Amino acid sequence: MNSTIRTTLCAALVAATATVAHAQQPFDGLKDAYEGFFKMGVAVNQRNIADSLQSALLVQNYNSITAENDMKPEPTEPSEGNFRWDAADRIANFCRKNGLRMRGHCLVWHNQIGRWMFEGENGQATKEELLQRMRRHIHAIVSRYRDVVYCWDVVNEAITDDPRADNPYRPSTLYQIAGEEFIEKAFVYAHEADPDALLFYNDYNETDPVKCERICQMVERMKARGIPIHGIGMQGHYNIHYPDSALLEAAINNYRRVVDHIHVTELDIRANREKGGQLQFSRTVEADVDSLDALLTAQYTRVFDVFRRHADVIDCVTFWNLSDRDSWLGADNYATPFDTQYQPKPAYYGIRDWR
């Protein structure tokens, strides 16, 4: 037997052995592996639910679904009173058909929101105009999906990224018009529309000690004033080096002091040293694919080790996008458990077969 044939046969044997080993695992999908710990979720787009391979992966692996963009303020109400439900309805109906629950994302955000929200007769809307528009929008969308949505990211990313800032809040147009009242009223309006839904504040860079403390202080103030906030969403836009287990655990311990529910809402792990939810980022990587697989698997394994230790307060872990093909970070960032062909990476098995 020549060396080329021998090499080919050995490679085939290794691949076959790996396939059999994975097939013999006791769990069919991620949701089965984490039954008794927390829901496993994923953010989806229209292609994911329309394609048979992708939709099968969704049903096999996840029991919580987030609409990546289709339930955000501007897509659902691009102009005042002009609601567009088709895209969100398709995702909601897919979940209804397949017995899946939804995380609603998101009701109030300074991005992907119609500029009409902020416009008034004399230029900028008054606080009263803004709050009235927010209430109408929140009531409309929460009421429409209350049969399938079990929780909402009510306010998204309202805390500043600047650790030196005297004001802990992001200086968005929402804040300029209504101050922190826009945050509190959003939770009040969501609770009015669906008293049974869990309501979350959601943010990125949430393991940074300064930002973590600011989020906790905001939530404590809201709860002291009787605002119906139930949980904190840790977005989880991490990288192969950050955070380490100690920093992640410290953040979770801080959040669990002030809320009874924590969700990891937008988990991905990029292949460089960038992190967070900022919309400006690079697509550079630090190593070849083999090395990235090892680093990615190690980091996903570390963070899930921490998540499992806090399963008494973590209710759901949601990946931000089904595969690298879908990732908002681009395929080169290699950030999800599935590759561009929707095949599981070693990281997938590291997450699933932890026992």
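It should be emphasised that the depicted structure is a prediction, and the values quoted were computed from it without experimental measurement. In this chain, residues are counted from 1 in sequence order.
- At least one donor-acceptor pair under 3.5 Å links the side chain of Asn61 to the backbone N or O of Leu30.
- Ser323 OG to Lys345 NZ: the interatomic distance, rounded to the nearest 0.5 Å, is 8.5 Å.
- Between Arg133 and Glu77 there is no side-chain heavy-atom pair separated by less than 4.5 Å.
- Asn333 places no side-chain N or O within 3.5 Å of a backbone atom of Ala335 that could act as its donor or acceptor partner.
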Intermediate values then yes/no, side chain to side chain contact (heavy atoms under 4.5 Å, CB included), Met102 and Ser64: CA-CA 5 Å; Met102 294 192 69; Ser64 179; over 6 Å; no
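- Aromatic pair Phe304/Tyr34: ring centres closer than 6.0 Å.
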Run Ile65 and Arg101 through side chain to side chain contact (heavy atoms under 4.5 Å, CB included) and show every step you take. CA-CA 6 Å; Ile65 298 295; Arg101 302 300 303 281; over 6 Å; no
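- Within a 6.0 Å sphere centred on CD of Glu213, heavy atoms belonging to other residues, nucleotides or ligands number more than 12.
- Under the 4.5 Å side-chain heavy-atom criterion for ILVMFWY residues, no single connected hydrophobic cluster contains both Phe307 and Leu198.
- Cluster membership check: Val306 shares its hydrophobic cluster with Ile351, using side-chain heavy-atom separations under 4.5 Å among Ile, Leu, Val, Met, Phe, Trp and Tyr.
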Pair His263, Phe200 - check ring-ring contact (aromatic ring centres under 6.0 Å, His included), show working. CA-CA 8 Å; His263 286 189; Phe200 286 76; 4.2 Å; yes
Decide yes or no on ring-ring contact (aromatic ring centres under 6.0 Å, His included) for Trp320 and His105, but give the supporting numbers first. CA-CA 12 Å; Trp320 204 246; His105 178 84; 5.2 Å; yes
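- Residues Val42 and Thr66 have side chains not in contact (no heavy-atom distance under 4.5 Å, counting atoms from C-beta outward).
- Residues passing the side-chain contact (heavy atoms from CB on, under 4.5 Å) test with Asp196 are Arg146, Asp194, sequence neighbours excluded.
- Every residue meeting the side-chain contact (heavy atoms from CB on, under 4.5 Å) condition with Ala87, not counting sequence neighbours, appears here in chain and number order: Gln46, Asp70, Arg90.
- Put simply, the side chain of Tyr255 gets close to the backbone of Glu206: a donor and an acceptor are under 3.5 Å apart.
- Between Asp89 and the choices Arg144, Arg96, Arg84, the side-chain hydrogen bond (donor to acceptor under 3.5 Å, both in side chains) rule is met once, by Arg144.
- Ion pair Arg115/Glu74 not flagged as a salt bridge, since none of the NZ, NE, NH1 or NH2 atoms sits closer than 4.0 Å to an Asp/Glu carboxylate oxygen.
- With a 6.0 Å radius and a threshold of 12 heavy atoms from other residues, nucleotides or ligands, Lys97 has its NZ atom at or below the threshold.
- Atoms CZ and SG, from Arg256 and Cys216 in turn, are 12.5 Å apart once rounded to the nearest 0.5 Å.
- Cation-pi check for Arg308 over Trp354 is met; the charged atom lies under 6.0 angstrom from the ring centroid and within 45 degrees of its normal.
- Using a 4.5 Å heavy-atom threshold, the side chains of Phe338 and Asn321 count as separate.
- In the hydrophobic clustering of this structure, Val148 groups with Ile141; members are Ile, Leu, Val, Met, Phe, Trp, Tyr whose side-chain heavy atoms approach within less than 4.5 Å, directly or through other members.
- A search for side-chain contact (heavy atoms from CB on, under 4.5 Å) contacts involving Glu121 returns nothing, not counting sequence neighbours.
- The two residues Asp28 and Gln60 come nearest to each other via the heavy atoms O-NE2, 2.8 Å.
- With hydrogens and angles disregarded, a donor-acceptor distance shorter than 3.5 Å links the side chain of Arg170 to the backbone of Glu157.
- Minimum heavy-atom separation, Ile138 to Val108: CD1-CG2, 4.0 Å.
- For the residue pair Tyr348 and Pro337, the shortest heavy atom distance occurs at CB-O, 3.6 Å.
- Of the candidates Asp293, Asp339, Asn272, Asp293 is the only one forming a side-chain hydrogen bond (donor to acceptor under 3.5 Å, both in side chains) with Tyr334.
- Between the side chain of His230 and the main chain of Leu199, a donor-acceptor pair closer than 3.5 Å is present.
- Glu119 is not listed as a side-chain neighbour of Glu129, based on a closest heavy-atom distance of 4.5 Å or more.
- At least one donor-acceptor pair under 3.5 Å links the side chain of Gln299 to the backbone N or O of Pro243.
- Ion pairing of Arg221 with Glu184 is absent here, as no side-chain N (NZ or NE/NH1/NH2) approaches a carboxylate O to less than 4.0 Å.
- At least one side-chain heavy atom of Arg270 sits less than 4.5 Å from a side-chain heavy atom of His237.
- Between the side chain of Thr336 and the backbone N or O of Asp324, at least one donor-acceptor pair lies under 3.5 Å.
- Pro73 has its side chain within reach of His137: a pair of non-hydrogen atoms, C-beta onward, lies under 4.5 Å apart.
- Between Glu249 and His310, some side-chain heavy-atom pair lies under the 4.5 Å cut-off.
- Cation-pi check for Lys275 over Tyr204 is not met; the charged atom does not lie both under 6.0 angstrom from the ring centroid and within 45 degrees of its normal.
- Without hydrogens or angle criteria, Ser143 side chain to Ala140 main chain gives no donor-acceptor distance under 3.5 Å.
- Taking 4.5 Å as the limit, some side-chain heavy atom of Asp268 sits within range of a side-chain heavy atom of Leu329.
- Taking the side-chain contact (heavy atoms from CB on, under 4.5 Å) definition, one finds that Ala347 meets it with Leu296, Thr297, Tyr300, sequence neighbours left out.
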Go through the steps to decide whether Lys211 and Asp203 satisfy the test salt bridge (charged side-chain N to carboxylate O under 4.0 Å, His left out), and finish with yes or no. CA-CA 9 Å; Lys211 194 166 186 179; Asp203 215 329; 3.1 Å; yes
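- Relative to the ring axis of Phe38, Lys31 does not place its NZ or CZ within 45° and under 6.0 Å from the centre.
- Judged by distance alone, with hydrogens and angles left aside, the side-chain atoms of Lys185 form no donor-acceptor pair with the main-chain N or O of Leu131 at under 3.5 Å.
- For the residue pair Asp260 and Val313, the shortest heavy atom distance occurs at O-CG2, 3.4 Å.
- Residues forming a side-chain hydrogen bond (donor to acceptor under 3.5 Å, both in side chains) with Asn63 (at least two apart in sequence, or on another chain): none.
- Between Arg352 and Asp32, none of the side-chain N atoms (NZ, or NE/NH1/NH2) sits under 4.0 Å from a carboxylate O, so this pair counts as no salt bridge.
- Tyr342 and Met40 end up in the same hydrophobic cluster when Ile, Leu, Val, Met, Phe, Trp and Tyr side chains are linked at under 4.5 Å.
- Taking all atoms of both residues into account, the shortest heavy-atom contact from Leu130 to Ala178 is CD2-CB, 4.0 Å.
- Residues in residues 160-189 take part in these ring-ring contact (aromatic ring centres under 6.0 Å, His included) pairs, two or more places apart or across chains: Tyr169-Tyr175.
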Run the side chain to side chain contact (heavy atoms under 4.5 Å, CB included) test on Val155 and Asn202 for me, step by step, so that the C-alpha distance in whole Å, both residues' side-chain angles and the decisive distance to 0.1 Å come before the verdict. CA-CA 6 Å; Val155 175; Asn202 191 52; over 6 Å; no
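- Following chains of ILVMFWY side-chain contacts shorter than 4.5 Å, one can reach Val264 starting from Val258, so the two form part of one hydrophobic cluster.
- The heavy-atom pair separating Ser55 from Ile49 by the smallest distance is CB-O, 4.0 Å.
- A donor-acceptor pair is defined here as one N or O able to donate and one able to accept, closer than 3.5 Å; such a pair exists between the side chain of Asn239 and the backbone of Tyr242.
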